[in-house]
2 protein chains.
Amino acid sequence: MQITSKFTTAVHILTCIEVFSEQMRVTSDFLSGSTGVNAVIVRNVLSKLRSAGIVNTRQGSGGAHLAKALDEITLYDIYKAVDCVDDEGLFHFHENPNANCPVGRNIHKVMDGRLTAAQTAFENELKKTTLAEVVSDTKKIISEE
Amino acid sequence: MQITSKFTTAVHILTCIEVFSEQMRVTSDFLSGSTGVNAVIVRNVLSKLRSAGIVNTRQGSGGAHLAKALDEITLYDIYKAVDCVDDEGLFHFHENPNANCPVGRNIHKVMDGRLTAAQTAFENELKKTTLAEVVSDTKKIISEE
DNA sequence: TAAAGCTGTAACATTCTTTGTTTCAACTTT
DNA sequence: AAAGTTGAAACAAAGAATGTTACAGCTTTA
């Protein structure tokens, strides 16, 4: 199992918007070319990012723009925006533990807190990085090429 | 996306083995009944746990037993044993970023360390809990029912 | 030694998720 | 009005997760 590539795609898209949007119109076709991801998927990701208030897009005129300051967008915000994880949480619990078995009817109580703790540790780590850092690292590498 | 239910199934199975194996033979059929998971899947999970040196099973006689002390088995060990995550890591990176784009050819360099850090934070949290604690919590809840 | 009960495993089936594709209406600019 | 774009629905394809069937081989016990 893996976290959907929409997440890294979204980060890539946002980085492109920041790096290129002053010089050119960053369209879904351009982003499709840079990411290697289908343009409809790109629009889909952009749509989710827009719902989350992270980007602005407009029909007709084209070109995506950031809707927030770079340092106000964390990897966690992006991860949440593109629905990497459903409401059930990161772990898929087996669905029919037997309530007639003492272990079966209590395993959820014993495990849930610990599973949540692992998920939270993961998400907190994503909160530590902002798009500002990603963009700054990217620009630095580009300038040194 | 979610982490395969084989993980929680495995924890459930191991807890059952510890709780019940003194009084009875803990067969894959019994475990299937307690977990609500198909007996072949149970045997499959047991097979992976055996490969990882966590349980012993025997053809013919039946009945699974722990191969290690309870406090030497962490949730991380179980998670690794049942192959929750492949070698690529927790994140699925979009596969064809465009090397002709300055962002496309560098996005991996910028992101990989941060993705690994998030995965590591997650795994380290799983290392904090041993099966001893899971079993002890379970027995406590059962005794208070 | 035969029967019964169990494990190990392969092959296949089913369902769900992810990703891609086609299509087209609606919008904006020129 | 034409050209280029977004938004979104509907469908297709591929892959992953889970379940099912089937059966060979092991162990115990009668």
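Numbered from 1 within each chain, the chains take letters A, B, ... in sequence-line order.
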SB check B:Glu144 B:Lys140 (cutoff 4.0 Å):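 Between B:Lys140 and B:Glu144 there is a salt bridge, with a charged N closer than 4.0 Å to a carboxylate O.
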Ion pair check, A:Asp137 and B:Arg114, cut-off under 4.0 Å: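 Looking at A:Asp137 and B:Arg114, the cut-off is met.
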Roughly how many Å is it from [atom1] in [X] to [atom2] in [N], rounded to a whole number?
| X | N | atom1 | atom2 | value |
| --- | --- | --- | --- | --- |
| B:Lys6 | D:dA16 | NZ | C1' | 10 Å |
| A:Leu46 | D:dT5 | CG | P | 14 Å |
| B:Lys48 | C:dG8 | NZ | P | 13 Å |
| A:Ile41 | D:dT6 | CD1 | P | 15 Å |
| B:Asn56 | C:dG8 | CG | C1' | 15 Å |
| B:Ile3 | C:dT17 | CD1 | P | 16 Å |
| B:Phe7 | D:dT18 | CZ | P | 13 Å |
| A:His92 | C:dT18 | NE2 | P | 12 Å |

Closest non-hydrogen atom pair between B:Ser32 and B:Val37, with its separation: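 Looking at all heavy atoms of both residues, the closest pair is OG-O, 2.6 Å.
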Between [N] and [X], is there an OP1 or OP2 to side-chain N/O distance shorter than 4.0 Å?
| X | N | value |
| --- | --- | --- |
| B:Ser5 | D:dA17 | no |
| A:Arg25 | C:dT29 | no |
| B:Thr4 | D:dA17 | no |
| A:Ser61 | D:dT6 | no |
| A:Arg58 | C:dT29 | yes |
| B:Asn38 | D:dT20 | yes |
| A:His94 | D:dT18 | no |

5' priority, DNA chain C, between B:Asn44 and A:Gln59 [closest heavy atom]: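 Result: B:Asn44.
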Closest-nucleotide 5' rank along DNA chain C - winner of A:Gly36 and B:Asp29: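 Mapping each residue to its closest nucleotide by heavy atoms, the 5'-most match is B:Asp29.
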Side-chain donor-acceptor contact under 3.5 Å, A:Ser47 with A:Asn44: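 Per modelled atom types, A:Ser47 and A:Asn44 side chains form no pair under 3.5 Å.
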Aromatic plane relationship, B:Phe93 with B:His108 - under 30° parallel, 30 to 60° tilted, over 60° perpendicular: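 Aromatic pair B:His108/B:Phe93 classed parallel.
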Report the nucleotide, chosen from [options], that has the shortest atom-to-atom distance to any side-chain atom of [X].
| X | options | answer |
| --- | --- | --- |
| B:Arg43 | C:dT9, D:dA8, D:dC26 | C:dT9 |
| A:Ser28 | C:dG8, C:dG5, D:dT6 | D:dT6 |
| A:Thr57 | D:dG7, D:dT18, C:dC6 | D:dG7 |
| A:Arg50 | C:dT19, D:dG7, C:dT23 | D:dG7 |

Sugar-phosphate only, base, or nothing, as touched by B:Gly60 at under 4.0 Å among non-hydrogen atoms: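 Answer is base: heavy atoms of B:Gly60 come under 4.0 Å of a base.
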Option from A:Val134, A:Val45, A:Thr138, A:Thr35 for which side-chain contact (heavy atoms from CB on, under 4.5 Å) with A:His12 holds: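 Among A:Val134, A:Val45, A:Thr138, A:Thr35, the one meeting side-chain contact (heavy atoms from CB on, under 4.5 Å) with A:His12 is A:Thr35.
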